[in-house]
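All figures in this text were calculated on a predicted structure; none of them were measured in a lab. Computation of the quantities below employed the complete heavy-atom set of this structure, encompassing side-chain atoms and omitting hydrogens, waters and symmetry-equivalent molecules.
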Amino acid sequence: MILMRYAFLAFLFLAFTANAQKLPAPSPPGHAEQLVGLTMIKVDYSRPSMKGRKIFGELVPYGKVWRTGANKCTTIELDGNVMVEGELLRAGTYSVFTIPGEDAWTVIFNKNTELWGEGDRKEEEDILQVKVKPEPTDITESFTIGFDGVKDDKSILQMTWERTRINVQLFADCSD
């Protein structure tokens with residue numbers, strides 16, 4: 001009788017354990033890493049998907065700060081100084097926000113890397129803001145950050161989602 005109780009408890013434990021499997025995240029983590037010149041640049045972000053929704057101008061409104069991904073804010077880590085669109089961004093780790101617009105986007109680098117969403121961002125913690133032009137591209141289902149045009153000490157940090165791409169010009173190995 002005691003053996004049957006233990007067998008029953010073991011069966012229940014296995015049933016609950018099997019039922020508690022980890023499911024894929026709706027916005028899975030993404031990572032992009034690139035050596036630009038002598039500077040390593042790493043980006044960690046979450047990848048929301050379109051799922052049939054209109055993204056820019058609706059889900060992500062124009063003219064409002066966006067966390068640039070999903071879940072915890074996107075971060076960028078630089079192990080050396082980098083010129084971003086001609087402006088100096090010192091070595092360090094920053095959260096990345098954007099303000100999407102139809103004709104221009106603002107890309108914001110903030111010193112607080114523990115932010116969950118745009119509501120917690122404090123403008124006084126912004127280190128750098130640059131403007132870039134959006135451009136049309138082929139449909140991209142999941143938000144994607146990557147590097148393109150890597151040559152010597154230059155690269156383009158690309159952010160693509162829906163039918164929109166922004167290119168952020170990077171120049172590494174710069175001194176102050």
Side-chain angles (χ1 to χ4, degrees), residues 22-36 39-79 82-85 87 89 92-123 125-151 154-172:
K22 195 171 187 178
L23 298 174
S27 298
H31 181 79
E33 185 174 303
Q34 183 64 54
L35 185 64
V36 180
T39 301
M40 179 58 73
I41 303 173
K42 299 177 183 179
V43 180
D44 288 302
Y45 65 108
S46 291
R47 303 188 67 202
S49 294
M50 288 175 52
K51 300 177 187 168
R53 302 174 290 185
K54 169 88 174 102
I55 303 302
F56 298 113
E58 289 187 21
L59 180 67
V60 177
Y62 289 131
K64 297 203 180 217
V65 176
W66 177 44
R67 76 177 78 194
T68 313
N71 306 322
K72 188 176 178 192
C73 290
T74 294
T75 59
I76 187 167
E77 179 182 350
L78 317 165
D79 75 356
V82 173
M83 296 296 285
V84 179
E85 291 291 320
E87 300 288 330
L89 184 60
T93 304
Y94 305 95
S95 57
V96 180
F97 294 91
T98 50
I99 303 173
E102 291 183 76
D103 299 320
W105 281 43
T106 302
V107 181
I108 303 166
F109 300 89
N110 186 285
K111 68 181 180 181
N112 187 342
T113 60
E114 297 303 316
L115 299 171
W116 189 259
E118 59 277 344
D120 296 333
R121 174 184 151 258
K122 293 183 176 87
E123 205 169 325
E125 294 179 327
D126 292 349
I127 300 300
L128 178 65
Q129 293 189 14
V130 297
K131 294 232 187 240
V132 295
K133 296 262 183 226
E135 60 184 45
T137 189
D138 293 336
I139 195 89
T140 302
E141 173 65 27
S142 297
F143 177 61
T144 303
I145 297 177
F147 295 89
D148 193 28
V150 180
K151 185 172 183 213
K154 295 178 180 69
S155 182
I156 299 167
L157 177 66
Q158 288 188 331
M159 299 180 198
T160 310
W161 198 19
E162 193 185 36
R163 293 186 181 274
T164 302
R165 174 176 52 224
I166 63 167
N167 295 312
V168 182
Q169 302 291 324
L170 304 177
F171 172 73

Next item on the list: Find the distance between CD1 (I166) and NZ (K133) and round it off to the nearest 0.5 Å.
Entry: 12.5 Å
Next item on the list: Please report the shortest heavy-atom distance between S27 and P48, naming the atom on each side.
Entry: OG-CA, 3.4 Å
Next item on the list: Check F97 against R67 and note the closest heavy-atom contact, atom names and distance.
Entry: CD2-CA, 3.8 Å
Item checked: Carboxylate-amine/guanidinium proximity below 4.0 Å for K42 and D79 -> no
Note to self: Contact between V96 and I108 at the side-chain level, heavy atoms closer than 4.5 Å - yes or no?
What the structure shows: no
Notebook entry, point to check: Considering all heavy atoms of both residues, which atom of C73 and which atom of G117 are nearest to each other, and what is their separation?
Noted result: SG-N, 4.0 Å
Notebook entry, point to check: Does K122 NZ have over 12 foreign heavy atoms under 6.0 Å away?
Noted result: no
Note to self: Please find the pair of heavy atoms, one from K72 and one from T113, that lie closest to each other, and give the distance.
What the structure shows: CE-O, 3.3 Å
Next item on the list: Check whether any side-chain heavy atom of D126 lies under 4.5 Å from a side-chain heavy atom of R121, and answer yes or no.
Entry: yes
Check: Would you say the side-chain atoms of E141 pair up with the backbone N or O of M50, donor to acceptor, closer than 3.5 Å?
Finding: yes
Next item on the list: Evaluate the criterion side-chain hydrogen bond (donor to acceptor under 3.5 Å, both in side chains) for residue pair T98 and T68; output intermediate values, then yes/no.
Entry: CA-CA 6 Å; T98 50; T68 313; 2.9 Å; yes
Check: Can you find a heavy atom in the side chain of E85 that is under 4.5 Å from one in the side chain of K131?
Finding: no
Notebook entry, point to check: Are any non-hydrogen side-chain atoms of Y45 and P29 less than 4.5 angstrom apart?
Noted result: no
Check: Looking only at heavy atoms, which two atoms of E118 and W66 are closest? And how far apart?
Finding: OE1-C, 3.9 Å
Margin query: Are the side chains of I99 and K64 in contact, using a 4.5 Å heavy-atom criterion?
Written below: no
Check: Do T75 and T93 have side-chain N/O donor and acceptor atoms under 3.5 Å apart?
Finding: no
Margin query: Nearest 0.5 Å, please: how far is NZ in K154 from CG in L170?
Written below: 11.5 Å
Item checked: Flag side-chain contact, heavy atom, 4.5 Å: R163 against D138 -> no
Notebook entry, point to check: Judged by modelled atom types alone, do T160 and T144 share a side-chain donor-acceptor pair under 3.5 Å?
Noted result: no
Note to self: Which residue is it: T74, N110, I76, L128? I am looking for the one with a side-chain contact (heavy atoms from CB on, under 4.5 Å) to Y94.
What the structure shows: I76
Check: Taking the side chain from R165 and the backbone from P136, do they hold a donor-acceptor pair closer than 3.5 Å?
Finding: no
Margin query: Check for me whether the distance between the ring centres of Y62 and F56 falls short of 6.0 Å.
Written below: no
Checklist line | Nearest-0.5 Å distance, CZ of residue F147 to CD of residue Q34 | finding: 6.5 Å
Notebook entry, point to check: Between OG of S95 and CG of L115, what distance do you get to the nearest 0.5 Å?
Noted result: 5.0 Å
Notebook entry, point to check: Between E162 and R53, is the closest basic N to carboxylate O distance under 4.0 Å?
Noted result: no
Item checked: Positive for side-chain contact (heavy atoms from CB on, under 4.5 Å) with S155, one of L35, V36, T39 -> V36
Next item on the list: Look up atom CG in D148 and atom CG in L157, then write down how far apart they are to the nearest 0.5 Å.
Entry: 10.5 Å
Notebook entry, point to check: Does any N or O in the side chain of N112 come within less than 3.5 Å of the main-chain N or O of E114, such that one atom is a donor and the other an acceptor?
Noted result: yes
Notebook entry, point to check: NZ of K51: more than 12 outside heavy atoms within 6.0 angstrom?
Noted result: yes
Next item on the list: Kindly compute the distance separating CD (E102) from OG1 (T164), expressed to the nearest 0.5 Å.
Entry: 10.0 Å
Checklist line | Closest non-hydrogen atom pair between F143 and S46, with its separation | finding: CD2-O, 3.7 Å
Margin query: Whether K111 and E125 form a salt bridge (side-chain N of Lys/Arg under 4.0 Å from carboxylate O of Asp/Glu) is what I want to check.
Written below: no
Notebook entry, point to check: Could you walk me through whether V84 and Q169 pass the side chain to side chain contact (heavy atoms under 4.5 Å, CB included) check?
Noted result: CA-CA 6 Å; V84 179; Q169 302 291 324; over 6 Å; no
